[in-house]
Amino acid sequence: MADRYLCMDLSRVRDVKQGAAGEGPVVYWMSRDQRCIDNHALAFAQQEAVRMRRPLVVAFSLSPSFLGATLRQYGFMLRGLKEVERDLSVLDIPFHLLPGGPTALIHFLREQRPALVVEDFDPLRIKKEWKDLVRTSTTFPHREVDTHNIVPCWVASPKQEWAARTLRPKLAGLIEKYLHDLPQVIRHPYPAKEAPGWDVSSTLRSLDIDRTVKEVQVGPGRKAGEKTLQTFIDHRLEHYPEDRNDPLRYGQSGLSPYLHFGCISPQRVALEVHRSGSSKAAKEAFLEELIVRRELSDNFCFYNQDHDRYEGLPEWSRRTLEKHAQDPREPLYSFKELEAGETEDDLWNAMQKEMVSQGRMHGYLRMYWAKKVLEWSPTPRTAVEWLIKLNDKYELDGRDPNGYVGILWSVGGLHDRPWKERNIFGTVRYMSRAGLGRRFDVETYARRNLKAYE
DNA sequence: ATCGGCTCGCGCAA
DNA sequence: TGCGCGAAGCCGAT
């Protein structure tokens, strides 16, 4: 048994509270995207459970905003849950939806003494009071796991980084150390009993799901994620550097929703890309996005409490945006008009409608999409708020650190530098439709998408 | 087609 | 204390 886990690296786990070992459970804090069969986090938890000869109970929390999740997002989440239960024989509990609240969880831990409980380590400001309550009212050890990416957040950097260029050199020496093969998770030999009075399926059914937002063609699940990765490596990776910013060519990986919901782990993606026969340049370009940029987003959300609002912006950009607060906004749209994709800009409308219909938007276009909303909304603060609302509601990968950072980059120059001053934007980088036109055929894109998603 | 200026502050060298 | 430099750009000059 032990051999299987030799490559486990203990720095991916850290104690957040020392406790009496042996008797009670060990509590792990872990997030939704790490509940992935092919992921260090679950493997690590199982290793400990097997050693203790105990069942494995995974309790995860859903962010308050997920309670307003849409049918398409719910579908992805549920599939991941079922896979972990079925393939690993693990009891999977969305604990903070359970009747009785945190008290019920604490009671369960004391009574049932599962080998360990895996809760939501979240770089976000989610259910912190729950974690604190469980932590302070129990005596057993609590640990926190980070396998969101390749290098754990706290190892990569001890503070919020200024930009990619300050984080990149710190990662450079660490990636090789962490980019080793994944330990295998097996069917768990000590099956868990369902906790009495806890009916997981009825709890899930009670979720307030927005059923007006329809499901999409992109299918959830581990197999779908693996297939997407394989197709990308076989057909698109080699041309990634040239094609990634051309929405008409679809040069991107399409993995974002799978990574977000833990259908596939970034470690697996990085390994397969690394081992592929593609050129060095193509691999480097992709791994820069997958590892460095994702790590930078995680770093921001991990260290900044205001990661999903205007206050999270750097001081220089808030200063310049406020200086231009009185600049006239013309036209000025309401949230409803934006949501419906009814603006004067057919290119923008086409992006918006694709997102609403398909739950996706091309990475390059997301910047333009967000910057236009800054131009068209009453204040920068409102722009951030509206963009996050739209992103979280419609994108399959909503509520992701990458989404928050992308929006703040666009509206407020997070991780960016200042540029020539102009109206509304101040010194925040501006993007124009003409600029996009220099890179791809915007007319064709707008026409095609408006027709497809009208 | 290509180029420089725009503008801020981090991090490192000295 | 000085200096180089930075995710995706824009604009005007040459």
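Sequence lines set the chain letters: A, B, ... in the order given, protein chains first and strands last, and positions in each chain run from 1. Worth saying up front: this structure is predicted, and the values here are computed from it rather than measured.
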Worksheet entry | Steps toward side chain to side chain contact (heavy atoms under 4.5 Å, CB included) verdict (A:E344, A:W376) | CA-CA 11 Å; A:E344 59 177 10; A:W376 294 335; 4.3 Å; yes

Report task. Would you classify A:R438 as touching base, sugar-phosphate or nothing, given that sugar-phosphate means primed atoms plus P, OP1 and OP2, and contacts are heavy atoms under 4.0 Å? Result -> sugar-phosphate

> Touch check for A:K170, heavy atoms < 4.0 angstrom, all strands: base, sugar-phosphate only, or nothing?
Replying inline: nothing

For [range], which residue pairs qualify under salt bridge (charged side-chain N to carboxylate O under 4.0 Å, His left out), counting only residues two or more places apart or in two chains?
range                       : answer
residues 214-224 of chain A : A:R222-A:E226
residues 71-87 of chain A   : A:R79-A:E83
residues 402-413 of chain A : none

Q) Between B:dG4 and C:dC5, how far is it from one C1' atom to the other, in whole Å? A) 16 Å

Does [X] have any side-chain hydrogen bond (donor to acceptor under 3.5 Å, both in side chains) partners at least two apart in sequence or in another chain, and if so, which?
X      : result
A:S317 : none
A:Y453 : A:R360
A:T231 : none

A:R275 meets the salt bridge (charged side-chain N to carboxylate O under 4.0 Å, His left out) criterion, sequence neighbours left out, with A:D181

In the 5' to 3' direction, the nucleotides of DNA chain B bounding the stretch that comes under 4.0 Å of a heavy atom in chain A are B:dC6 to B:dG11

Set out, line by line, the N/O atom pairs under 3.5 Å between protein and nucleotides 4-8 of chain C.
residue : atom : partner : partner atom : Å
C:dG6   : O4'  : A:R165  : NE           : 3.3
C:dA7   : OP1  : A:R165  : N            : 3.2
C:dA7   : N7   : A:R293  : NE           : 3.3
C:dA7   : N7   : A:R293  : NH1          : 3.4
C:dA7   : N7   : A:R293  : NH2          : 2.1
C:dA7   : N6   : A:R293  : NE           : 3.0
C:dA7   : N1   : A:E289  : OE1          : 3.1
C:dA8   : OP2  : A:R429  : NH1          : 2.8
C:dA8   : OP2  : A:R429  : NH2          : 2.1

The side chain to side chain contact (heavy atoms under 4.5 Å, CB included) partners of A:A224 (sequence neighbours excluded) come to A:Y258

Residues passing the side chain to side chain contact (heavy atoms under 4.5 Å, CB included) test with A:R381, sequence neighbours excluded, are A:Y310, A:E311, A:T379

Dot-bracket assigned to DNA chain C with the 3.5 Å Watson-Crick/G-U criterion, [ ] for crossing and | for other-strand pairs, is ||||||..||||||

In whole angstroms, the gap separating P of C:dC10 from CD of A:E375 amounts to 12 Å

